[in-house]
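Reminder, nothing fancy here: chain letters follow the sequence lines and each chain counts from 1.
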Number of protein chains: 2
Amino acid sequence: MSIVDDRLPRYQRLRDLIAADIAAQRWAPGQTIPSEAELASIHGVAVGTVRHAIDVLVGEGLVTRVHGRGTFVRRPAFDQSLLRCLRIPELEPGAKPVLISRILERASLKASPEVAERLELPVGTDCIRLVRQKLVERRVLRGEEIWLPKARFAPLLTVELASIGHDLYPAFERLCGQLVATAEESLTAEAIGAEHATLAGVATGQPVVVIDRLTRGYDRQPLEWRRVRAPASAFHFRREIR
Amino acid sequence: MSIVDDRLPRYQRLRDLIAADIAAQRWAPGQTIPSEAELASIHGVAVGTVRHAIDVLVGEGLVTRVHGRGTFVRRPAFDQSLLRCLRIPELEPGAKPVLISRILERASLKASPEVAERLELPVGTDCIRLVRQKLVERRVLRGEEIWLPKARFAPLLTVELASIGHDLYPAFERLCGQLVATAEESLTAEAIGAEHATLAGVATGQPVVVIDRLTRGYDRQPLEWRRVRAPASAFHFRREIR
DNA sequence: AAGTGGTCTAGACCACCCC
DNA sequence: GGGTGGTCTAGACCACTTT
């Protein structure tokens with residue numbers, strides 16, 4: 001599958017080898033990879049070279065080092081998602097807001113051209129469509145339309161809705177054995193149309209942000225395409241430029 | 001000014017020393033810093049330690065290495081700005097769209113509480129306010145309100161408007177000797193009010209994105225606060241999560 | 001050819017974590 | 001105490017750029 005190029009420097013080839021092992025789930029997320037000394041002796045290189053390779057992996061976000069404990073396969077940082085830029089209304093100061101999910105629709109459908117393109121599947125492939133709301137204390141935080149390839153996620157169709165729970169990715173893992181590795185997100189804004197207004201919990205014509213997310217597994221294949229709409233007033237994104 | 005903490009590892013202290021020199025404009029942006037061997041002998045450390053320090057600076061975006069040529073003080077990457085997420089309408093396929101700036105207002109004003117907070121100045125400090133439009137072929141791309149501390153930017157008040165040109169940051173440098181080092185940006189969306197609609201080139205009530213930008217100099221002091229409004233339909237931002 | 005950054009080694013010692 | 005990652009050294013050799 002993944003070819004290691006001999007012309008690359010050793011630390012790069014070593015990086016590729018370790019990354020391939022992570023992709024193959026040789027070590028599960030949250031588990032340690034072999035120690036630096038071990039990797040050095042396994043691959044017949046100096047520890048400094050192993051460190052360099054792991055430096056690269058750390059920079060790419062694939063692993064994390066913990067001093068004295070080891071180097072861990074990292075779960076993707078979904079706390080950096082644009083979805084986390086939706087301000088959650090504080091009801092009582094200090095009180096933890098409770099986020100609830102409500103699945104409004106669940107169906108097996110053929111992939112439309114748009115869905116097929118996003119999920120990188122042939123048009124007409126069997127898919128699962130979920131329509132969902134995220135709520136905070138009965139108020140709609142956002143509305144979501146979610147598309148999944150049926151081949152990987154069939155259990156989601158038959159399982160009781162309640163057993164899916166409020167977080168989707170743990171359910172992907174628990175019920176379907178699908179691990180999320182990376183995601184690509186895009187952000188636009190629009191005046192919401194009548195067909196989506198109720199789902200997003202706003203009046204027709206109000207400004208909303210539209211967040212598109214394509215999630216990929218460790219095999220780089222698309223797992224999930226999601227389109228989220230939320231009131232623009234709740235959205236606030238910051239970043240630094242250097 | 002900047003205190004170097006003895007308890008830090010050498011490569012960190014070295015990083016701080018080099019960063020301080022960059023901040024003090026000892027080496028101008030675009031110029032090289034001393035070679036790694038030179039820095040090693042100057043500071044009495046091994047080359048490996050110098051490399052580590054520079055690795056950190058590269059990661060922070062302060063310098064760039066060029067193999068065989070040297071290590072250069074970098075200009076900030078404003079091509080990553082959210083402003084670059086505003087789609088420019090293609091008029092003729094292949095034709096390069098020409099971006100034009102039009103300064104509509106230029107005045108000396110006292111800092112309001114909001115402006116003062118952003119620019120980290122006392123309320124009432126003398127400031128310069130610019131109101132500007134960016135246009136593509138007579139069509140408004142975005143509208144901007146810009147606030148600058150008068151103490152640093154006084155020449156902008158008296159100079160001919162035409163001599164400011166279409167790009168502000170080169171003018172800051174050329175006319176006022178102010179170099180931009182970093183920026184913090186934030187993004188929200190709203191239905192535009194009547195007071196800003198004309199400037200942004202859209203009808204009242206239409207959805208717009210609002211981009212706030214605070215620019216800082218190498219001394220970390222705020223140089224410019226800018227609030228930009230642009231039609232939401234033109235905005236598209238992408239990112240990857242790992 | 002000289003100077004720069006890039007790779008790599010082999011080893012020392014330190015700081016942290018867990019048993 | 002034994003294992004882990006973190007720092008640091010001194011040096012070799014390579015690859016690239018400029019003179």
Side-chain angles (χ1 to χ4, degrees), chain A residues 3-19 21-22 26-75 77, chain B residues 3-19 21-22 26-75 77:
Chain A
I3 294 146
V4 174
D5 192 334
D6 298 46
R7 296 164 304 181
L8 258 35
R10 289 193 198 177
Y11 78 91
Q12 275 290 358
R13 287 179 294 186
L14 188 50
R15 184 229 85 104
D16 290 348
L17 288 170
I18 299 171
D21 277 340
I22 291 172
R26 175 163 172 182
W27 314 295
Q31 298 301 110
T32 59
I33 68 174
S35 76
E36 298 181 349
E38 224 170 316
L39 286 168
S41 93
I42 289 171
H43 294 96
V45 297
V47 181
T49 307
V50 173
R51 276 193 75 75
H52 197 167
I54 295 179
D55 281 343
V56 175
L57 290 168
V58 169
E60 293 174 334
L62 281 177
V63 300
T64 319
R65 278 199 261 244
V66 183
H67 195 169
R69 296 221 293 133
T71 302
F72 295 78
V73 178
R74 216 181 67 123
R75 288 172 182 281
Chain B
I3 294 147
V4 174
D5 191 334
D6 298 44
R7 296 165 303 180
L8 257 34
R10 290 193 197 177
Y11 78 92
Q12 276 288 359
R13 287 179 298 192
L14 189 50
R15 184 227 85 103
D16 290 347
L17 288 171
I18 298 171
D21 278 341
I22 291 173
R26 175 162 173 183
W27 313 295
Q31 298 302 110
T32 60
I33 67 174
S35 75
E36 299 182 348
E38 225 170 314
L39 286 168
S41 94
I42 290 170
H43 294 97
V45 298
V47 181
T49 306
V50 173
R51 275 195 74 75
H52 197 167
I54 295 180
D55 281 343
V56 175
L57 290 168
V58 169
E60 293 174 335
L62 282 177
V63 300
T64 318
R65 278 199 262 244
V66 182
H67 194 169
R69 296 220 296 131
T71 302
F72 296 78
V73 178
R74 215 181 67 124
R75 288 173 183 279

Would you give me the side-chain donor-acceptor pairs under 3.5 Å for residues 54-64 of chain B, sequence neighbours excluded?
from    : atom 1 : to      : atom 2 : distance (Å)
B:Asp55 : OD1    : B:Arg65 : NH2    : 2.1
B:Glu60 : OE1    : B:Arg15 : NH1    : 2.4
B:Glu60 : OE2    : B:Arg15 : NH1    : 3.0

Inset, instruction - Hey, could you give me the CZ/OG1 distance between A:Arg69 and A:Thr71, rounded to the nearest 0.5 Å? - result: 11.0 Å
Legend entry - CH2 on A:Trp27 to CG on A:Asp21, rounded to 0.5 Å: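 Taking CG in A:Asp21 and CH2 in A:Trp27, the distance rounds to 4.0 Å.
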In whole Å, I'd like the distance from the [atom1] atom of [X] to the [atom2] atom of [N].
{"X": "A:Leu8", "N": "C:dC8", "atom1": "CG", "atom2": "C1'", "result": "15 Å"}
{"X": "B:Arg10", "N": "C:dA12", "atom1": "CZ", "atom2": "P", "result": "18 Å"}
{"X": "A:Leu14", "N": "C:dT9", "atom1": "CG", "atom2": "C1'", "result": "15 Å"}
{"X": "B:Gln12", "N": "D:dG6", "atom1": "CD", "atom2": "C1'", "result": "12 Å"}
{"X": "B:Phe72", "N": "D:dT17", "atom1": "CZ", "atom2": "C1'", "result": "10 Å"}

Legend entry - Nearest heavy-atom neighbours spanning A:Tyr11 and A:Ala53: O-CB, 3.3 Å
Legend entry - Residue B:Glu36, side-chain atoms from C-beta onward, closest of C:dG6, C:dT9, D:dG5: C:dG6
Inset, instruction - Determine the contact category for A:Val47: base if any of its heavy atoms lies under 4.0 Å from a base atom, sugar-phosphate if only primed atoms, P, OP1 or OP2 are that close, otherwise nothing. - result: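 Contact class for A:Val47: none.
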Show every donor-acceptor pair shorter than 3.5 Å between a side-chain atom in residues 43-52 of chain B and any protein atom, with sequence neighbours excluded, or say none if there are none.
from    : atom 1 : to      : atom 2 : distance (Å)
B:His43 : ND1    : B:Leu39 : O      : 3.1
B:Arg51 : NH1    : B:Glu36 : OE1    : 3.2
B:Arg51 : NH1    : B:Glu36 : OE2    : 3.1

Legend entry - Contact under 4.0 Å: B:Ser35 side-chain N or O vs C:dG3 OP1/OP2: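 It does not, given that no N or O in the side chain of B:Ser35 lies less than 4.0 Å from OP1 or OP2 of C:dG3.
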Inset, instruction - Evaluate the side-chain proximity of B:Val66 to B:Thr32: yes if any heavy-atom separation is below 4.5 Å, no if none is. - result: no
Inset, instruction - Please work out which residues in residues 49-71 of chain B have a non-hydrogen atom less than 4.0 Å from an atom of DNA chain D and list them by number. - result: B:Thr49, B:His52, B:His67, B:Gly68, B:Arg69
